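Quick notes on the structure that follows.
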Amino acid sequence: MIRIGLIGFGYWGPNLARNVAENLSCELVAICEQVPERRARAQRRYPTTRVVAEPRELFAAPDIDACIIATPVSTHAELALEALESGKHILVEKPLAPSTSDCQRIIELADKKGLLVAVGHTFMYHPAVRKIQRDAAAGELGDILSFNSVRTNLGLFQGDYNVLWDLAVHDLSMLFHIVPQRPQAVSAAGLAHFPGHPEESAYLTLWLDKGCLAHLHVSWFSPLKIRQCIVGGSKKMVVYDDLNASEKVKIYDCGVTSKHSSSQRLKLEIDYRSGDMVAPCIENREPLSIEIEDFVLSILDKKKPTSDGAFALRIVEVLEAADRSLRRQGMPIELR
Ligand SMILES: NC(=O)c1ccc[n+]([C@@H]2O[C@H](COP(=O)([O-])OP(=O)(O)OC[C@H]3O[C@@H](n4cnc5c(N)ncnc54)[C@H](O)[C@@H]3O)[C@@H](O)[C@H]2O)c1
C-alpha cells in the first residue's frame, strides 16, 4: 500500500485526489492546499484525510511514501526537489518544470536518492492513445510520416506561461509516445493579442528523425472546441477525435504507393489505395486512473513509469526551443 500526500487542490488536484482515493493499492493520507476555502472543500470531501496548509508538513510526515504535486508549473521544481530530499517518490503534474535545467536537477536528485519521478502526461494513458501507440509499435501503420493535431477552444488564459506550455504539452506527449523518434528541430509561431498575456494561440512544427513531420495547433482563443489528431502512416492512417464519444479512433486502410520510376511520367506511376475504415472498440476508462495505477505499481514493482522524468525532459526541451523560435518569428531551432 502506497501512502500518498497531494499538494494542490485547485482545478486539477480534486481529480487526482478522487483517483488516488479509488485506487486500492494506495491511500490518500494527506492533502496540502494554501487557500483556506479549498482546504475546507477537501476536508468535506475526504473527512478521514489530513488536510494541511504547508507542504513541509507532508515532507516531514513518516506516514507518507509519495507526493503528488498539482500546483502551478512555476512551483514544481522547488516542491519536487524538497519532496525528493525528504525521501518521497513524486508524481509531478505536467510540465515537469519550467526549464530543462530544473528537470535535470529533479531527475539527478531522484536517481541519487533511488526515488521515482513520474509526470502527469495524462494523454499517454488515454486508452485511445494507447491503442494507436500499440498499433504503431507493432508496425501496423507502417512508417509514421506525419502527425497533425489541433487542440483549441475558448480556454482559460494562464497568466505566466503561453499556450504551448499549457496545451501543446498534451500533444507533444502523444507525439513522442506514438512516434519514438528524436526531434531534430522545432519552429513556433504564435499570437499574443492581450496586453500582459503571453501567446494564446500557436503553431508548432517539429522535424523528427526518419523524415516524420509534426504540426501542432493550440489555442485558448477559438470559438470551436477541437481535440483532433491525425497520424499518417505509410500503411494506414489514424484519426483520433477525443470529442467523438462512440468512434474516438478511426483507422483508415488507405495510402499512396509510387512505383519506382525514373521517367517524367511519375504521376501515372502512383497507386492510390482506399480500403476499409475501422473504428476499434476503445476501453472506457478514465486516463487518470490508469496514470495513478502506473505510478503506484511502478513504486511497488520498482519499475519505470510510462511517463518518467526523461520523457518529460524531452518535452520541456521542445517547449524551451519553441519559446526561442517564437521570439524569432518561427525561425527553426535545432535540438541536440
Ligand atoms: N494532466 C492534465 O490533464 C492537467 C489538466 C489541468 C491541469 N494540469 C496541471 O496541474 C497543475 C495545476 O493546475 P491547476 O489548473 O489545478 O491549477 P490551479 O491554480 O487551479 O490549482 C493549483 C492549486 O495549488 C495550490 N498551491 C500552489 N502552491 C501551493 C503550495 N506551495 N502549497 C499548497 N498549495 C499550493 C493553489 O492554491 C491552487 O489551489 C499544473 O501543472 C497544470 O499544468 C494537468
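First listed ligand is number 1; within each ligand, the first listed atom is number 1. Here the structure is a predicted model, which is why all the values come from computation and not from measurement.
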Item to complete: Starting from atom 21 (O) of ligand 1, locate the nearest protein heavy atom and write down its residue, its atom name and how far away it is, to 0.1 Å.
Response: Gly10 CA, 3.3 Å
Discussion item. Membership question, hydrophobic clusters at under 4.5 Å side-chain separation (ILVMFWY): are Tyr161 and Phe194 in the same one?
Written reply: yes
Worksheet item: Taking NZ, NE, NH1 and NH2 as the nitrogens, is one of them in Asp166 or Lys94 under 4.0 Å from a carboxylate oxygen of the other?
Response: yes
Worksheet item: Can the ring centroids of His177 and Phe123 be said to lie less than 6.0 angstrom from one another?
Response: no
Worksheet item: Does Leu116 offer a backbone N or O that forms a donor-acceptor pair with the side chain of His89 under 3.5 Å?
Response: yes
Worksheet item: Should we count CZ of Phe221 as having more than 12 external heavy atoms under 6.0 Å?
Response: no
Practice prompt. For atom 17 (O) of ligand 1, decide whether some protein heavy-atom distance is shorter than 4.0 Å.
Written response: no
Worksheet item: When you measure from atom 25 (C) of ligand 1 to every protein heavy atom, which one gives the shortest distance, and what is it?
Response: Glu33 OE1, 3.3 Å
Worksheet, complete the sentence: Closest to atom 5 (C) of ligand 1 by heavy-atom distance, out of Trp165, Tyr125, Trp12, is Trp12
Worksheet item: Rounded to the nearest 0.5 Å, what separation is found between the CG atom of Asp171 and the CD1 atom of Ile178?
Response: 10.0 Å
Discussion item. Please determine whether a side-chain nitrogen of the Lys or Arg among Asp294 and Lys303 lies less than 4.0 Å from a carboxylate oxygen of the Asp or Glu.
Written reply: yes
Worksheet item: Between Ile230 and Val238, is any pair of side-chain heavy atoms under 4.5 Å apart?
Response: no
Worksheet item: Which protein heavy atom lies closest to atom 22 (C) of ligand 1, and at what distance to 0.1 Å?
Response: Ala70 O, 3.6 Å
Worksheet item: Would you say Asp276 has more than 12 foreign heavy atoms packed within less than 6.0 Å of its CG?
Response: no
Worksheet item: Which of the atoms of ligand 1 are close to Thr122, meaning less than 4.0 Å from one of its heavy atoms?
Response: 1 (N), 2 (C), 3 (O)
Worksheet item: Counting only heavy atoms not in Asn284, do more than 12 fall under 6.0 Å of its CG?
Response: no
Practice prompt. Look at atom 42 (C) of ligand 1 and say which protein heavy atom is nearest, naming residue and atom and giving the distance to 0.1 Å.
Written response: Lys94 O, 3.7 Å
Worksheet item: Charged N to carboxylate O under 4.0 angstrom, Glu85 versus Lys113?
Response: yes
Practice prompt. Identify, for atom 24 (O) of ligand 1, the protein heavy atom at the shortest distance, and state residue, atom and that distance.
Written response: Gly8 CA, 3.5 Å
Worksheet item: Quick one: which of Pro55, Pro95, Pro287 has a heavy atom closest to atom 31 (N) of ligand 1?
Response: Pro55
Worksheet item: Any N or O on Thr75 sitting closer than 3.5 Å to an N or O of ligand 1?
Response: no
Worksheet item: Counting each atom of ligand 1 from 1 as listed, which ones have a heavy atom of Gly120 under 4.0 Å away?
Response: 1 (N)
Discussion item. With a 6.0 Å cut-off (strictly less than), is the heavy-atom count around CG of Leu24, excluding the residue itself, greater than 12?
Written reply: no
Response to the item:
shortest atom 19 (O) of ligand 1-to-protein heavy-atom contact is with Pro72 CG, 4.2 Å
Fill in: Whether His76 lies under 4.0 Å from ligand 1, heavy atom
yes
Worksheet entry | From the candidates Thr71, Leu167, Ile31, Leu96, the one that places a heavy atom nearest atom 26 (N) of ligand 1 | Thr71
Worksheet item: Considering only heavy atoms of His170, which atoms of ligand 1 have at least one such atom less than 4.0 Å away?
Response: 2 (C), 3 (O)
Worksheet item: Counting heavy atoms only, which of Arg38, Glu37, Glu78, Gln34 comes nearest to atom 39 (O) of ligand 1?
Response: Arg38
Worksheet, complete the sentence: Near Val35 (heavy-atom distance under 4.0 Å), the atoms of ligand 1 are 37 (O)
Item to complete: Give the residue and atom name of whichever protein heavy atom lies nearest to atom 10 (O) of ligand 1, and the separation in Å to one decimal.
Response: Glu93 CG, 3.2 Å
Discussion item. Checking a contact table here: which protein heavy atom is nearest atom 20 (O) of ligand 1, and how many Å away?
Written reply: Tyr11 N, 2.9 Å
